[in-house]
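Right, one structure below, let's go through it.
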Amino acid sequence: MSRLKLTIALVSFCCLFLFACATKVSATTNMVVVSSLATQPNLQQSITHTLRTNPNLALSDIRVQVKNGEVDLYGKAQTGFERALAQKFLENMDGVKIIRNKIDII
């Protein structure tokens, strides 16, 4: 009897796991606060290069605005996961204080 319960529990867990993997990720976070120091033009170039050359991102029309370490991201992403991933890549960059993710999902 306990093997039957264990089997049912294992199958249920696998079904829930597969369901969770199949659902879309929704990136509803708009702003992240982090801190460091870097110059504004170099930071903008570095951020743009990081986002455009990353093979995990397929962002179109990516635009980056930097002012006093505050980064605004504009553009279009295929999924919420790509949108969140773009923000995640920038969180540990030197000079980034605040990230405002304004990337649209198409």
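Only heavy atoms go into these numbers, but all of them, side chains included; no hydrogens, no water, no symmetry mates. Position 1 is the first residue of the sequence, and the numbers go up from there.
- Between the CD1 atom in Ile62 and the CG atom in Asn54 there is a gap of 11.5 Å [rounded to 0.5 Å].
- Ile8 contributes atom CD1, which lies 14.5 Å from atom CZ of Arg3 (distance to the nearest 0.5 angstrom).
- Put simply, the side chain of Val96 reaches to within 4.5 Å of the side chain of Ile47, judged on heavy atoms.
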| field | Steps toward side-chain contact (heavy atoms from CB on, under 4.5 Å) verdict (Leu73, Val71) | value | CA-CA 6 Å; Leu73 298 176; Val71 179; 3.9 Å; yes
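- Lys76 NZ to Arg83 CZ: the interatomic distance, rounded to the nearest 0.5 Å, is 14.0 Å.
- In this structure, the separation between CG on Leu90 and CG on Leu43 is 8.5 Å, given to the nearest 0.5 Å.
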| Going through the distances and angles, do Ile105 and Gln78 end up as a side-chain contact (heavy atoms from CB on, under 4.5 Å)? | CA-CA 6 Å; Ile105 300 170; Gln78 296 292 325; over 6 Å; no
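- Put simply, NZ on Lys5 and OG on Ser2 are 8.0 Å apart, with the number rounded to the nearest 0.5 Å.
- If you take CZ on Arg52 and CG on Leu57, they are separated by 12.5 Å, rounding to the nearest 0.5 Å.
- By the side-chain hydrogen bond (donor to acceptor under 3.5 Å, both in side chains) test, Asp72 pairs with Arg100, sequence neighbours left out.
- In this structure, the side chain to side chain contact (heavy atoms under 4.5 Å, CB included) partners of Arg63, at least two apart in sequence or on a different chain, are Tyr74.
- A salt bridge between Lys67 and Glu70 is absent, with no side-chain N of the basic residue lying under 4.0 Å from a carboxylate O of the acidic one.
- Tested against Gln87 for a side chain to side chain contact (heavy atoms under 4.5 Å, CB included), the candidates Ile103, Asn101, Leu51 yield a single pass: Asn101.
- Asn56 is listed as a side-chain neighbour of Leu85, based on a closest heavy-atom distance under 4.5 Å.
- Proximity of a side-chain donor or acceptor of Thr50 to a complementary backbone N or O of Ser46 within less than 3.5 Å is detected.
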